[in-house]
Amino acid sequence: MEIETLAEDKIVTTESIVGGETGVCEVDTSQEPYEGMVFESENAARVFYDEYAKQEGFLTRIVSSCKSEHDGTIISRRLACNKEGFNLSSQKTGQVKIRKRESKREGCMAMILVKREKLGKWVVTKFMREHNHPLVISSKKGRPTPDEKDERIRELSSQLHHTNRQLAARREQLQTFMTYIEEHTMCMLTTLEGVVQNIREVESETRSCS
């Protein structure tokens with residue numbers, strides 16, 4: 001089966017294994033990969049992960065492949081963030097190789113591992129989501145629609161309202177604490193004044209007896 005890709009909706013035809021049953025479905029490439037996701041081909045998995053990466057704000061590359069000992073065909077691929085791994089400085093005898101551009105590798109662990117099953121399907125057997133670096137959304141992404149803008153405004157307004165409520169609650173707690181401190185301080189001063197007065201009375205009585 002050929003992969004179906006729609007430029008506007010960005011849909012890829014995949015399969016999913018749920019409860020031991022396999023069903024064909026069209027998956028929005030903005031959906032997050034998951035272990036058990038099935039693709040018609042290795043290329044379909046690559047297209048899906050590339051589109052997912054664009055949505056998230058990173059680039060991908062093929063990190064490793066495994067070939068069949070029987071016929072030499074690819075049976076697994078590891079697709080990862082392009083910042084996976086580290087660039088080791090290479091040296092030659094009597095000559096140091098100087099890298100002309102800064103390394104983009106940062107040891108990122110984000111990746112998916114897809115393996116070919118007996119029926120020819122490709123299954124995601126491992127998925128690591130987290131990146132160790134900031135993600136950058138491509139400037140080529142289309143402008144948000146009015147509905148998306150309205151939704152974003154509502155989200156920000158809700159966050160602002162929630163933050164203001166939190167600040168008001170913290171302010172009230174602080175005011176209560178300051179009031180308690182003042183009352184406690186006044187109580188301590190009153191007690192201290194009483195102690196000082198008692199000492200003076202004792203000293204006065206002592207002098208009178210003398």
Measure from the side-chain N and O atoms of S158 to the backbone N and O of R154, and report whether any donor-acceptor pair falls under 3.5 Å. no
Inset, instruction - Without swapping roles, check the side chain of S204 against the backbone of R200 for a donor-acceptor pair under 3.5 Å. - result: no
Considering only NZ, NE, NH1 and NH2 on the basic side and carboxylate oxygens on the acidic side, decide whether [X] and [Y] come within less than 4.0 Å.
X: K126; Y: E35; result: no
X: K54; Y: E51; result: yes
X: R61; Y: E84; result: yes

May I ask you to decide if the ring planes of F127 and Y52 are parallel, tilted or perpendicular, using 30° and 60° as cut-offs? perpendicular
**OP:** Hey, can you tell me if H131 and H133 have their rings parallel, tilted or perpendicular (30° and 60° cut-offs)?
**Re:** perpendicular
Using a 6.0 Å cut-off, check whether atom CD of E201 has over 12 heavy atoms from anything other than its own residue. yes
query: Where do I75 and R116 land on the side-chain contact (heavy atoms from CB on, under 4.5 Å) test, with the steps shown first?
result: CA-CA 5 Å; I75 58 175; R116 190 181 70 190; 3.3 Å; yes
Worksheet item: Do D71 and T73 have side-chain atoms, one donor and one acceptor, less than 3.5 Å apart?
Response: yes
Approximate separation, where rounding is to 0.5 Å, of [X] [atom1] and [Y] [atom2]:
X: T191; Y: M186; atom1: OG1; atom2: CE; value: 11.0 Å
X: K83; Y: L59; atom1: NZ; atom2: CG; value: 8.5 Å
X: L160; Y: I153; atom1: CG; atom2: CD1; value: 13.0 Å
X: Q159; Y: N164; atom1: CD; atom2: CG; value: 12.0 Å
X: E130; Y: M111; atom1: CD; atom2: CE; value: 14.0 Å
X: N198; Y: E193; atom1: CG; atom2: CD; value: 12.0 Å

[X] vs [Y] side-chain heavy atoms within contact, under 4.5 Å:
X: V38; Y: E117; result: no
X: R78; Y: L113; result: yes
X: L79; Y: I62; result: yes
X: T185; Y: M188; result: no
X: W122; Y: I74; result: yes

A45 and V114 have their tightest heavy-atom pair at CB-CG1, 4.0 Å
Between P33 and Y49 the two heavy atoms that sit nearest each other are CG-CD1, 4.3 Å
Practice prompt. Decide side-chain contact (heavy atoms from CB on, under 4.5 Å) for E155 and R152; before the verdict, give the C-alpha distance in whole Å, the side-chain angles of both, and the deciding distance to 0.1 Å.
Written response: CA-CA 5 Å; E155 290 178 359; R152 183 56 177 164; 3.2 Å; yes
Margin query: According to a hydrophobic-cluster definition based on side-chain heavy atoms being under 4.5 Å apart (Ile, Leu, Val, Met, Phe, Trp, Tyr only), do V124 and F58 belong together?
Written below: yes
**Asked** If two hydrophobic side chains count as joined below 4.5 Å and joins carry through other members, does Y34 share a cluster with M109?
**Response** no
Atom pairs and distances, donor-acceptor, side-chain atoms in residues 168-179, under 3.5 Å, two or more places apart:
unit_1: T176; atom_1: OG1; unit_2: E172; atom_2: O; d: 2.9
unit_1: T179; atom_1: OG1; unit_2: Q175; atom_2: O; d: 2.9

